[in-house]
Colleague: 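One structure follows; several queries about it will come next.
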Protein chains: 2
Amino acid sequence: MSDLLERLRGRGWRMTSQRRVVAEILDAGDHVHLTADEVHVQAAERLPEISRATVYNTLGELVSLGEVLEVSTDGRAKRYDPNAHHPHQHLVCSNCGTIRDVHPTGDPLADLPDDERFGFTLSRAEITYRGLCPSCS
Amino acid sequence: MSDLLERLRGRGWRMTSQRRVVAEILDAGDHVHLTADEVHVQAAERLPEISRATVYNTLGELVSLGEVLEVSTDGRAKRYDPNAHHPHQHLVCSNCGTIRDVHPTGDPLADLPDDERFGFTLSRAEITYRGLCPSCS
DNA sequence: ATCCTACGATGGACCAAATCCAAGTCAAGA
DNA sequence: TCTTGACTTGGATTTGGTCCATCGTAGGAT
């Protein structure tokens with residue numbers, strides 16, 4: 001995943017210092033799921049003048065480019081998952097909120113029978129497994 | 001599900017006119033998923049002085065009592081699902097946001113192998129199927 | 001190497017959802 | 001019916017996010 005910057009440049013993404021810092025922060029944490037605000041804090045350590053709007057804009061673009069996934073497991077702040085090229089689901093601790101990437105067996109879409117699809121054209125399934133992590137249980 | 005009020009009283013839930021109205025609104029819509037604000041609007045039709053804080057408090061209690069499920073499928077307002085005693089998953093239109101309750105086959109928890117559980121004690125799995133509804137596709 | 005200009009960044013205003021809090025009210029047990 | 005602790009109120013506050021007019025600059029053109 002560390003060629004994220006390469007891929008973006010190759011797609012004609014205009015490279016600015018702000019975008020580079022945001023992309024690098026996401027790229028650095030492969031199975032970390034930061035909030036926009038956490039990204040902003042980390043970015044500001046390297047680029048003190050970066051604005052929140054820029055972080056939001058950049059994250060939004062990375063999401064629509066398909067380079068990053070938006071996950072909202074708790075109804076609070078959205079989190080950004082840099083692992084977009086590797087299909088996976090999430091395991092969340094009901095107590096402390098920790099998130100882990102997991103890989104269930106089978107194809108989740110296959111579990112939804114035709115007569116339960118109501119004419120929808122399915123594109124994907126997101127699974128959130130919930131439970132208590134070792135240190136909370 | 002229409003004995004929600006009974007169950008709550010039986011559990012020693014202090015009954016007030018505000019709580020009754022909120023519970024009845026949820027109880028009335030079996031496969032509807034209202035936002036807190038929509039509940040507030042409907043409640044205010046019957047009880048003009050009811051405050052937002054009370055609606056939020058009451059919804060929060062119904063959730064922790066396990067009578068209602070909190071679902072956040074779009075990162076915007078949370079929605080409240082009165083169908084908590086009937087296990088089901090959600091099918092969401094990526095375009096218009098419509099939500100349908102669906103019943104996939106099999107046990108979603110069974111699809112997560114032991115070596116992908118990282119010592120967690122699993123309690124449930126939430127699946128969100130995404131796609132386009134008939135009128136949006 | 002420099003110039004242009006369209007695209008990106010800024011920051012402060014604004015917004016929606018949700019929570020907090022001090023003061024007032026009331027359900028239900030004694 | 002009285003009492004009291006639990007509930008409600010509404011306004012302030014917090015949180016997460018968006019908008020927009022203006023300024024700045026990346027990178028192609030010359």
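Below, read A as the first sequence line, B as the second, and so on, with proteins coming before strands; counting in each chain starts at 1.
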Colleague: Pick the closest DNA chain D nucleotide for B/Thr58 and for B/Arg14 by heavy atoms, then say which residue is nearer the 5' end.
Modeller: B/Arg14
Colleague: If you only use heavy atoms from C-beta on, which nucleotide in C/dG8, D/dT9, D/dA6 is closest to the side chain of B/Ile50?
Modeller: D/dT9
Colleague: Please check the phosphate of D/dT9 (OP1 and OP2 only) for any side-chain N or O of B/Gln18 closer than 4.0 Å.
Modeller: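 For D/dT9, OP1/OP2 do have a side-chain N/O of B/Gln18 under 4.0 Å.
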Colleague: What is the separation between atom CG on B/Leu59 and atom P on C/dA17, rounded to the nearest whole Å?
Modeller: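 Rounding to the nearest Å, CG of B/Leu59 and P of C/dA17 are 14 Å apart.
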Colleague: Would you check if there is a donor-acceptor pair between the side chains of B/His90 and B/Glu126 at a distance under 3.5 Å?
Modeller: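 There is no such pair (donor and acceptor under 3.5 Å, judged by atom type) between the side chains of B/Glu126 and B/His90.
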Colleague: What distance separates A/Glu61 CD from A/Leu8 CG, expressed to the nearest 0.5 Å?
Modeller: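 The CG atom of A/Leu8 is 10.0 Å from CD of A/Glu61, to the nearest 0.5 Å.
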Colleague: Mapping B/Ala53 and B/Met15 to their closest nucleotides on DNA chain C, which lands nearer the 5' end?
Modeller: B/Ala53
Colleague: Would you kindly give the NE2-to-P distance between B/His40 and D/dT9, to the nearest whole Å?
Modeller: 8 Å
Colleague: If I take atom CG in residue B/Asn57 and atom C1' in nucleotide C/dT19, what distance separates them, rounded to the nearest angstrom?
Modeller: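 Those two atoms, CG and C1', are 9 Å apart.
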Colleague: Output the rounded distance in Å from CG (A/Leu5) to C1' (D/dA26).
Modeller: 15 Å
Colleague: Among the candidates D/dG17, D/dC7, C/dT10, find the nucleotide nearest to the side-chain atoms of B/Thr16.
Modeller: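 Minimum distance to the B/Thr16 side chain belongs to D/dC7.
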Colleague: In whole Å, I'd like the distance from the CG atom of A/Leu34 to the C1' atom of D/dG17.
Modeller: 17 Å
Colleague: Counting side-chain heavy atoms from C-beta on, which of D/dT18, D/dT8, C/dA9 comes nearest to A/Tyr56?
Modeller: D/dT18
Colleague: Look at A/Glu24 together with A/Arg46 and state whether they make a salt bridge at an N to O cut-off of under 4.0 Å.
Modeller: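 Yes.
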Colleague: Which nucleotide in the set D/dT8, C/dA17, D/dA6 lies at the smallest distance from any side-chain heavy atom of B/Ala77?
Modeller: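 Between D/dT8, C/dA17, D/dA6, the one nearest the side chain of B/Ala77 would be C/dA17.
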Colleague: Which whole-number value in Å describes the distance from A/Glu38 CD to D/dG16 C1'?
Modeller: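 That distance rounds to 13 Å.
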Colleague: OP1, OP2 of D/dG10 versus side-chain N and O of B/Ser51: anything below 4.0 Å?
Modeller: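 No, because none of the side-chain N or O atoms of B/Ser51 sits under 4.0 Å from OP1 or OP2 of D/dG10.
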Colleague: Kindly say if A/Thr54 contacts the phosphate of C/dT10, meaning a side-chain N or O under 4.0 Å from OP1 or OP2.
Modeller: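 Affirmative; the distance criterion is met.
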Colleague: Can you measure from NE2 (B/His40) to OG1 (B/Thr58) and round to the nearest 0.5 angstrom?
Modeller: 11.0 Å
Colleague: Taking atom P of D/dT15 as reference, at what distance in whole Å does atom NZ of B/Lys78 sit?
Modeller: 14 Å
Colleague: In whole angstrom, what separates A/Leu8's CG from C/dC7's P?
Modeller: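 Computing the A/Leu8:CG to C/dC7:P distance gives 18 Å.
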Colleague: Taking the ring of A/His31 and the ring of A/His33, is the distance between their centroids below 6.0 Å?
Modeller: no
Colleague: OP1, OP2 of D/dC7 versus side-chain N and O of B/Arg19: anything below 4.0 Å?
Modeller: yes
